[in-house]
Undergrad: 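Got a structure for you, written out below as structure tokens; questions coming shortly.
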Amino acid sequence: MELTTVTEATRIILENSIDYGTEYVPFTDAHRRVLAEPLVADRDFPPFDRVTMDGIAIQWQSYANGQRAFRVESTQTAGETQHTLSDPSACIEVMTGAMLPINTDLVIRYEDFTIKDGIAQLNADVREGQNVHYQGEDRRAGTAIIQPHTLLGPPEIAIAASVGAVQVAVKKLPSVVIITSGDELVAVEQTPLPHQIRSSNVHCIATLLKDYRINVDFVHIPDDLSATQQAIQNALTQYDVLILCGGVSQGKKDFIPKALQAEGVEKYFHKLSQQPGKPFWFGRKNNNVVFALPGNPVSSFVCARRYFIPWLRKSLGIPAMDNIYAALSDDYVYNSPLTYFLQVQLFQEGATLMARPLTGHGSGDFANLIDNQGFLELPKEKNEFKKGEILPIWRYGY
Ligand SMILES: Nc1nc2c(c(=O)[nH]1)N[C@H]1C(S)=C(S)[C@@H](COP(=O)(O)OP(=O)(O)OC[C@H]3O[C@@H](n4cnc5c(N)ncnc54)[C@H](O)[C@@H]3O)O[C@H]1N2
Ligand code: MOO
Ligand SMILES: [Mg+2]
């Protein structure tokens, strides 16, 4: 059977991205959500001429005229209404964050003068306009400070707070169910019998999705065709996206592709020219998209990271491909006509991000993932990769 290439699979999956619309969430809960409407400055940034050092505010002209001693007229602290300097040859003590008093235009820090008997005596040079953060110099009121299609993080949340955006418009997330299959799997709370294992893959994938604030539901099905069909039928009515894990290969109990097709999910591809993750199946039924991932833990993780995350990012309106690049630290040979997702340790050598190969014991060895940080994508067109060669990296997290 003809294998679908990584490039072709990527194209098909991205073509099937879906816009889920917009919703409002409290700004405190908007981290790692995608902005849907611009965040506009309701005031200038900063909103007034802001004092940036604790000290005194004076008029430049008096300094330029040679004056070096200033009588303290009053004290302007942050949070007070604006003071006015009434005697142009005097000064006002000012604190960081205060409004610059009327009739003053620069600030001298405490380190640069001494105060004795209410007179500030300068002991350093002064520049025109120093130590003032001027009204509107960062952004003007009415300008969009953050554009739609921005993935929100700490600085963006601070902007939302500052402009009073109690609720922010963000892209809606798809509802996602992860369906596990396999008679050998038991719940995490259980003690497995010798022939059983705890279900773990799905928690890796669920955690990956949490980076985009998606909380999945879990469903487990036994290796039984009619139970599988029933579970798929239910899931198609309840969720936007189905992620299935396991049961997509050649085994006597690998029922997933058959059950999906019986439930009217159209197959877009099955089996990729890649390793791990070769038996990956992807399809769609109306507005349901279905990612049926191979059961081996490294395979399901590679597929979720390499295909589901770009699909989600495109659906949310941000650049799909979030890979970075790294240079191979050593020569590497992969003797197979498949794209290989090589597990690598990432480290810095000078300014260069380096990738050191660290293979484990195949796609069942998920303990090996602990010792490395990403998958280096080795294209199938080549077998020999040279030290220093720069290749795409899919980091495990963001
Ligand atoms: N004759 C062939 N056999 C296999 C082929 C093949 O081409 N021809 N492909 C191999 C490859 S590659 C992979 S990958 C696996 C894919 O298997 P399935 O998708 O059918 O997955 P299962 O058989 O259900 O399970 C495989 C493996 O993964 C473990 N698993 C499954 N789900 C979980 C889970 N939730 N938590 C932890 N571990 C899980 C399962 O116990 C199996 O050990 O097929 C190869 N075979
Ligand atoms: O492609 Mo499978 O993904 O080796 O384990
Ligand atoms: Mg199988």
Side-chain angles (χ1 to χ4, degrees), residues 1-6 9 176-209 216-225 227-228 231-232 235 242-261 265 267 269-283 290-308 334-343 359-370 375-378 380 394:
M1 188 209 263
E2 187 75 10
L3 301 176
T4 303
T5 64
V6 168
V176 180
V177 62
I178 301 187
I179 304 175
T180 43
S181 63
D183 290 340
E184 74 280 24
L185 302 175
V186 299
V188 176
E189 303 73 30
Q190 273 175 263
T191 304
L193 297 170
H195 57 283
Q196 297 175 325
I197 58 164
R198 294 194 181 91
S199 177
S200 57
N201 295 0
V202 288
H203 297 290
C204 176
I205 294 160
T207 304
L208 181 69
L209 271 54
V216 302
D217 283 345
F218 296 104
V219 168
H220 180 71
I221 47 178
D223 286 326
D224 170 86
L225 182 59
T228 302
I232 289 170
L242 277 56
I243 297 178
L244 296 103
C245 182
V248 296
S249 192
Q250 313 286 322
K252 288 262 159 65
K253 292 197 160 182
D254 289 340
F255 294 129
I256 301 297
K258 197 173 170 188
L260 284 167
Q261 279 172 283
V265 183
K267 180 181 82 177
F269 60 75
H270 185 198
K271 296 186 181 151
L272 302 182
S273 53
Q274 74 170 54
Q275 230 287 319
K278 190 174 168 191
F280 177 31
W281 190 106
F282 176 78
V290 179
F291 295 78
L293 313 177
N296 271 328
V298 180
S299 316
S300 58
F301 185 34
V302 164
C303 291
R305 180 64 188 87
R306 177 63 178 79
Y307 300 107
F308 178 80
Y334 180 66
N335 273 322
S336 155
L338 302 173
T339 296
Y340 187 50
F341 289 95
L342 173 66
Q343 295 176 46
T359 46
H361 304 111
S363 54
D365 180 5
F366 59 106
N368 193 64
L369 293 168
I370 302 307
F375 297 109
L376 192 70
E377 185 172 329
L378 308 182
K380 71 181 178 59
W394 300 90

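Order of appearance sets the numbers: ligands from 1, and atoms from 1 within every ligand.
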Undergrad: Any heavy-atom pair between the side chains of Leu369 and Gln343 that's under 4.5 Å?
TA: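 Answer yes - side chains close enough.
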Undergrad: What I want to find out is whether Glu2 reaches Lys271 closely enough, with some N-O distance under 4.0 Å, to be called a salt bridge.
TA: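 No, no charged N to carboxylate O under 4.0 Å.
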Undergrad: Looking at side-chain heavy atoms only, is the closest gap between Ile256 and Ser181 below 4.5 Å?
TA: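 Of all side-chain heavy-atom pairs linking Ser181 with Ile256, at least one is under 4.5 Å.
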Undergrad: Less than 3.5 Å between some nitrogen or oxygen of Pro279 and one of ligand 1, yes or no?
TA: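 Checking ligand 1 against Pro279, no N or O pair falls under 3.5 Å apart.
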Undergrad: Can an N or O of Pro279 be found at a distance shorter than 3.5 Å from an N or O of ligand 2?
TA: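 No.
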Undergrad: Short list, please: which atoms of ligand 2 are under 4.0 Å from a heavy atom of Ser363?
TA: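 The atoms of ligand 2 under 4.0 Å from a heavy atom of Ser363 are 2 (Mo), 4 (O), 5 (O).
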Undergrad: Report yes if Pro294 has an N/O atom closer than 3.5 Å to an N/O atom of ligand 1; otherwise report no.
TA: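 No, no N or O pair falls under 3.5 Å.
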Undergrad: Does any non-hydrogen side-chain atom of Ile205 lie less than 4.5 Å from one of Leu293?
TA: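 Heavy-atom side-chain distance check passes, below 4.5 Å.
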Undergrad: Going by heavy-atom distance to atom 7 (O) of ligand 1, choose the closest among Ser199, Ser249, Cys204.
TA: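 Looking at heavy atoms only, Ser249 sits closest to atom 7 (O) of ligand 1.
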Undergrad: Examine distances only and state if a side-chain atom of Arg198 and a backbone atom of Gln190 form a donor-acceptor pair shorter than 3.5 Å.
TA: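 Indeed, once roles are kept as given, a pair shorter than 3.5 Å links the two residues.
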Undergrad: Answer side chain, backbone, both or neither: which part of Pro294 comes under 4.0 Å from ligand 2, heavy atoms only.
TA: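 The answer is neither.
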Undergrad: Please work out whether any backbone atom (N, CA, C, O) or any side-chain heavy atom from C-beta onward of Ile197 is under 4.0 Å from ligand 1, and answer side chain, backbone, both or neither.
TA: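 Within the 4.0 Å criterion, Ile197 contacts ligand 1 through side-chain atoms alone.
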Undergrad: Is the side chain of His270 donor-acceptor paired with the backbone N or O of Val248 at a distance under 3.5 Å, no angle test?
TA: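 Looks like yes, one N/O pair under 3.5 Å.
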Undergrad: When only distance counts, is Gly247 in polar contact with ligand 1, meaning an N/O pair under 3.5 Å?
TA: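 Yes.
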Undergrad: Considering only protein heavy atoms, which is closest to atom 36 (N) of ligand 1, and at what distance to one decimal place?
TA: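 Answer for atom 36 (N) of ligand 1: Ser200 N, 3.0 Å.
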Undergrad: Under 4.0 Å from a heavy atom of Pro276: give me the atoms of ligand 2 that qualify, with their elements.
TA: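 So the answer, numbered in order with elements, is 1 (O), 3 (O).
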Undergrad: Check whether any N or O atom of Ser363, backbone or side chain, sits under 3.5 Å from an N or O atom of ligand 1, and answer yes or no.
TA: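 Not met; the criterion fails.
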Undergrad: Any idea which protein heavy atom is nearest atom 1 (O) of ligand 2, and the distance to it?
TA: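 Its nearest protein heavy-atom neighbour is Gly277 N, 2.8 Å.
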Undergrad: Considering distance alone, does some N or O of Thr180 sit under 3.5 Å from an N or O of ligand 1?
TA: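 The answer is no, given that Thr180 and ligand 1 share no N or O pair closer than 3.5 Å.
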Undergrad: With respect to Gln274, determine whether any N or O atom, backbone or side chain, lies less than 3.5 Å from an N or O atom of ligand 2.
TA: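 Gln274 vs ligand 2: no N/O contact under 3.5 Å.
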Undergrad: Is there a polar contact between ligand 1 and Glu184, counting only N or O atoms under 3.5 Å apart?
TA: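 It does: an N or O of Glu184 is found under 3.5 Å from an N or O of ligand 1.
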Undergrad: Taking the side chain as every heavy atom from C-beta outward, state whether Tyr307 and Phe280 have any atom pair closer than 4.5 Å.
TA: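 Side-chain contact under 4.5 Å: yes.
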Undergrad: Is His220 close to Ile179 at the side-chain level, that is, under 4.5 Å between some pair of heavy atoms?
TA: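 A side-chain contact under 4.5 Å is absent here.
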Undergrad: From Tyr340 OH over to Tyr334 OH, what is the distance, rounded to the nearest 0.5 angstrom?
TA: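 The OH atom of Tyr334 is 6.0 Å from OH of Tyr340, to the nearest 0.5 Å.
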Undergrad: Can you tell me the protein heavy atom closest to atom 19 (O) of ligand 1 and the distance?
TA: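 For atom 19 (O) of ligand 1, the nearest protein heavy atom is Gly295 N, 2.9 Å.
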Undergrad: If you measure every N or O of Asp254 against every N or O of ligand 1, does any of those distances drop under 3.5 Å?
TA: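 In this structure, Asp254 places an N or O atom under 3.5 Å from an N or O of ligand 1.
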Undergrad: Which atoms from ligand 2 have a heavy atom of Ser299 less than 4.0 Å away?
TA: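 With Ser299 as reference, the close atoms of ligand 2 come out as 2 (Mo), 3 (O), 5 (O).
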